[in-house]
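Below: one structure, written as structure tokens.
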Amino acid sequence: MIHSLFLINHTGDIFLEKHWKSVIGRSVCDYFFEAREKAVEPENVPPVLQTPHHYLISIYRGKLFFLSVIQTEVPPLFVIEFLHRVADTIQDYFGECSEGVIKDNVVTVYELLEEMLDNGFPLATESNVLKEMIRPPTILRSVVNTLTGASNVGDTLPTGQLSNVPWRRVGVKYTNNEAYFDVIEEIDAILDKSGTTVFAEIQGVIEACVRLTGMPDLTLSFMNPRLLDDVSFHPCVRFKRWESERVLSFIPPDGNFTLMNYHVSSQNLVAIPVYVKQSISFFETGPCGRLDITIGPKQTMGKTVEGLMVTIHMPKAVLSANLTATQGTYTYDLATKVLVWDIGKLNPQKLPNLKGSLTTQAGTPKPEDNPSLNIDLKIQQLAISGLKVSRLDMYGEKYKPFKGVKYLTKAGKFQVRT
Amino acid sequence: MRNMSTAVLYNDQGGAEAAVEAGQESTPTTSSSGAAFGLFSTDFKKNEDLKEMLESNKESLKLEAMKRVVGLIAKGKNSSELFPAVVKNVASKNIELKKLVYVYLVRYAEEQQDLALLSISTFQRALKDPNQFIRASALRVLSSIRVPIIVPIMMLAIKEAAADLSPYVRKTSAHAIQKLYSLDPEQKEQLIEVIEKLLKDKSTLVAGSVVMAFEEVCPDRIDLIHKNYRKLCNLLVDVEEWGQVVIISMLTRYARTQFTSPWKEGAIFDENNDKTFYESDSEEKKEQTEAKPYIMDPDHRLLLRNTKPLLQSRNTAVVMSVAQLYWHLAPKHEVNIVTKSLVRLLRSHREVQYIVLQNIATMSIQRKGMFEPYMKSFYVRSTDATHIKTLKLEILTNLANEANISTILREFQTYVKSQDKAFAAATIQAIGRCATNISEVTDTCLNGLVLLLSNRDETVVAESVVVIKKLLQTQPTQHSEIIKHMAKLFDNITVPMARASILWLMGEYCERVPKIAPDVLRKMAKTFTAEEDIVKLQTVNLAAKLYLTNSKQTKLLTQYILNLGKYDQNYDIRDRTRFIRQLIVPNEKSGALNKYARRILLAPKPAPVLESAFKDRDRFQLGTLSHSLNVKAAGYQELSDWPAVAPDQSVRNVEVIEPVKEWAPLVGKTKKSKSEDKFYSDDEDEKEEEGSESSGSEDSSSSSSSDEGLFLSLFRDCGGLFRVSLQVTTPSFGPVKTYELLHHMTGKGLSAKYHFPRQPCLYQPSMVAVQVILTNSSDHSLEEIHIGDRSPASLNIHCFNTIERLEPEASVTVSMGIDFSDSTQAANFQLCTKEDQFSVSIQPAVGELLMPSTMTEEDFSKEQGKLLGMNETSATITMATANTSSQAIGKQVLSVANVGVVSSSQNNVHRFAGRTVSSGAVVLVSLEQKESCAALLTINTEKSVMASMLLRDLKQALAQA
């Protein structure tokens, strides 16, 4: 399946290579560099490439390319999913997935890659199984290890590997038993010039942080599970219980994990929390244009909109922006042509406004199309779909855990066309 | 200078590549560890240093050195000269060091075959290690060493590992099969045998890996799958996610060869059609079978049903593989259930979106209805990557119909204005396709496109011209206005393709624009030499066509252009010019062709069909690499067409025999020779597997429970029988003591009791048989009762089959085997139901770890003679008065220990003999009655711990009344 893996940074240097079968020379990456060159932006590189003898499947994450070399037919998603899992694991171990971090921990990364694939087929991708085999570095442990000569590599088979709950290790102990659930919803929307909704939907995710002793068996139920249109679960969730009773019943993994992703039925009208009044225009006559944006609250369910931010990818011709913001600050990056207006909290009494002039390159025709606005926002303590967790029960263990549920609404891909 | 020497030295050892690397390395690196490496490689002596460190006595130094060596490998640098120093550490005690050595070994073994052989014996030893993790990793490394000479050793190791008790080791052996196969394809036949064996494995851990091996080694041996088909379907949900993908794709292929098409339903309504078709076939018999309404094979249904929950998987590859399975196997009306899940994947990473959109594009051509309700999910955002945008556009175009076309066109209008010009151009193409597909909007589209001709952007205009050209071809009569408009724009258009298109249009429809066309030609004559080749060709064409229709005005112009073309640099243009000249200008040589020039050049031309680039993609299985590239990839397995008649369905049948039924007749047997034991255990193993393959219907558990009841009563009867004839028979039965395994309060209604039936275990001779009675005392039925985790993990238990369902108040007796390894340490494991898991443990009394053995008094004395000294434990005991009779003594001893009575010639001496179950060590018990209640109890066995425990138990039993 997966023959080799090359990690390539944004300048095109291969800084790590790993082969699971016989060694393949680096020259195979030249085909990739060619495609990279052609694509201009790194995001535009096609994920699947064909070369005379190999197939290259790559992902781009954290300014790095994970490039895998394939020799025979394999479902491309299999490889893509796995590469993302590698990136996730690195992120999980070292806090971020970047060139620096990987170079600093090259041996651990190499050991991880060795365990994750055998002969190109995934062997252990479950984070807690890996952590039992190769412990993540901590300052304390590295000090202890240098003093005692102990190592970060376990010599027994991780308990999860053989059990039918591979995601949880045996013998977990905590003095404070706690289970937290974050219900996070993202609004994906496209609004047109006039402010009418072209398309809107809600995607939700339940992130859990569970620190419970032993083998707890949890049941999470909702007040209004009917809202959920399409769901995907962590493997720990018992699908049959969900099918029959619409409750989430599971033995949780230890620590942080994504319990479920859901999609709220598109039949329901999606509440759009803010409205945007905007006018962006470029003048035919001179090398300049005007910009005027006002944002106000729309359907916020009585909550405050926070972390409001507007990002605009300006046309290439725009040289500079001379604007005044009644609230927050704005920056205009000349190289990437991105205008960012960081507003912060939305005050319904005094609506934030950004106004001023834009300078365009002289001699070029006025931009054909007005750039669209990307909006970021956050609303605490609200799930915009109205989803509510009704209760969380624990079976199998005798202690009383501390439980908590938090709600958060965010803007996902929220775009206003102009 | 030092740098120079480094480079030179590297050059000698590692070839040019290393030299380049070393050169690069001398540039300063930023990260801290990078700095260390930088330092290291600028100074070649450091490499010597590494060698010294590796050869030192200090573990920490070695480890440090190995970490640096692995760092080198990771960077793709050559460190093969360290091989001898590294390989010495292969047997290190330090697990991390050992693993790093493994990494090194696998990387360089192929280059240093002779030296690599030095390490082989270490792995061979490790393959026998009691720790399953060490066995597995030894096999992993051994099989990764690509040295042909060790192929026989690998083969042997794989065969052994395939029979290992640990499923993890068996999984590793499945991986090793593929490695060995790629190293030496000659081994195929033997490897297939191992695959066949592993396919029968019922561990979810093994399933994915062995199917992977199957796909790699012998994908055509479909016959190996038959017997395992149902088991694989049933295990699927519990297999790890990567295995699921592989199994699903294999089963898709399997199903297409074994089941008949579910897509014929439509044909049933259409009776007449069907009839004629088959009549022409003139195969009466076939007609009869086919004329019946389609009934789906239950196995086909099983596959569809068991894969459906996986649509909810978090792994996008699993979701995609289920989607393709439904697409290729499900009846048409059921395919729709995959839509939602596929649309959900569009929220995932960009690369995932790319693949999923490709597949949706192929699907949406055939089945618009599937994705139409989700049309808005394919709306393009300005932040999408270009290839994502193009795919979304493709799908939107595929979804367009009379009802939604206005919405789509409005959306397209936004896209045309996009700053991403390649995307804007693709949108124009898409508009063109909509216009041809949906005749109602052709005019609207055409007008829209004409408006775009005045766009400021060149690519947009050019693309519009090309699309308009294609559209006009479909209905040229009404559109001379547009052609005129384009002629006016001609001067401003510089993109060659667009210019060529306009020229072609002029030529083709020159009779509709009689005034303009010659003028355009005039302009072209002026700029001819400066034009691109395609434009020149079209100019020649235009000239020729005008010459034929309007020679009066254009004769000179044509001559001029033909002369220019004759001396053009491009041979195509010279050729074309020559050809055209011969064709249109009459002279003595040109003969007959000339008469037909008009018909040749101005023949009506069929309009081009604008269709999707994904139209033929469905020749590849969805979700495959080949589909993604639209090229057949190496190793792609064609999906066969449905067979007209289903092959024999019974090949998948597996006999379902509950192990319990096998038990009953066995009870009555008194002789238990070793060979017979073996026979049953083998047999049972197979049945076990087959049992688990049966889809586990509800009635199987209830029937078995009644069987058990019957068996139990039989058992009790026999027990009585045996007690009477104790003297002659070896197996002995005391009263059955039942122990509590799980109380119904802690077990949420599930209670479990167990006892030791004192039967040789059927599964393995070294196991102690245990019978567990499971009772459901709750008010709802319990499902999927099975054994979960065990501790210690190496504990060897033969589990009972999962009990699918236990009704309230019902109880069922199941038997299992536990290898206690002759110790009274408790066996801990988890008893699981569908919802819960309960940790339970079975602690055997020492006497239960024995089995009776037959021997004469002489043999007894002989054996006893061998087991003196350290191996003898004795004590004087006081018996209860009630126990002084020889019958009572026998009863008490047998109640404690599963031993056999040895006939005795002396009245005051009682002898009992047994063997330990696991190791078969002889255990001899003799009791010599002294005056009244005192007696000397002697136990002879090499298992001294057992002896003292047994002594204690016997003493206690005999002291009680």
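Just so it is clear, the values below take in all heavy atoms, side chains as well, and ignore hydrogens, waters and symmetry mates. So you know, we letter chains A, B, ... as the sequences are listed, proteins then strands, and number each from 1.
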Could you look at [X] and say if it's the side chain, the backbone, both or neither that has a heavy atom under 4.5 Å from chain A?
| X | result |
| --- | --- |
| Y636(B) | both |
| S418(B) | backbone |
| V460(B) | neither |
| T204(B) | neither |
| V380(B) | backbone |
| I73(B) | both |
| T383(B) | both |
| E215(B) | neither |
| K748(B) | side chain |
| V631(B) | side chain |
| V245(B) | side chain |
| V246(B) | side chain |
| S143(B) | neither |

Rounded distance (nearest 0.5 Å) linking atom CD of E241(B) with atom CZ of F78(A): 9.5 Å
Give a yes or no on whether the backbone of [Y] and the side-chain of [X] come within a donor-acceptor separation of less than 3.5 Å.
| X | Y | value |
| --- | --- | --- |
| E43(A) | A385(B) | no |
| Q415(A) | S382(B) | yes |
| R146(B) | S22(A) | no |
| K376(B) | A200(A) | no |

Charged N to carboxylate O below 4.0 Å: is that the case for [X] and [Y]?
| X | Y | answer |
| --- | --- | --- |
| R347(B) | D188(A) | yes |
| K99(B) | E115(A) | yes |
| E201(A) | R344(B) | no |
| R417(A) | E411(B) | yes |

Distance-only side-chain donor-acceptor flag, E835(B) / S249(A), under 3.5 Å: no
Test item: side-chain donor near acceptor, E351(B) and H84(A), under 3.5 Å: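 H84(A) and E351(B) do have a side-chain donor-acceptor pair below 3.5 Å.
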Partners meeting side-chain contact (heavy atoms from CB on, under 4.5 Å) with N119(A) (sequence neighbours left out): K21(A), Q178(B), K179(B)
K240(A): salt bridge (Lys or Arg N to Asp or Glu O under 4.0 Å) partners, not counting sequence neighbours: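 In terms of salt bridge (Lys or Arg N to Asp or Glu O under 4.0 Å), with neighbours along the sequence ignored, K240(A) is linked to E784(B).
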Chain A contacts, top residue of D836(B), N315(B), T386(B), V318(B) (heavy-atom pairs, under 4.5 Å): N315(B)
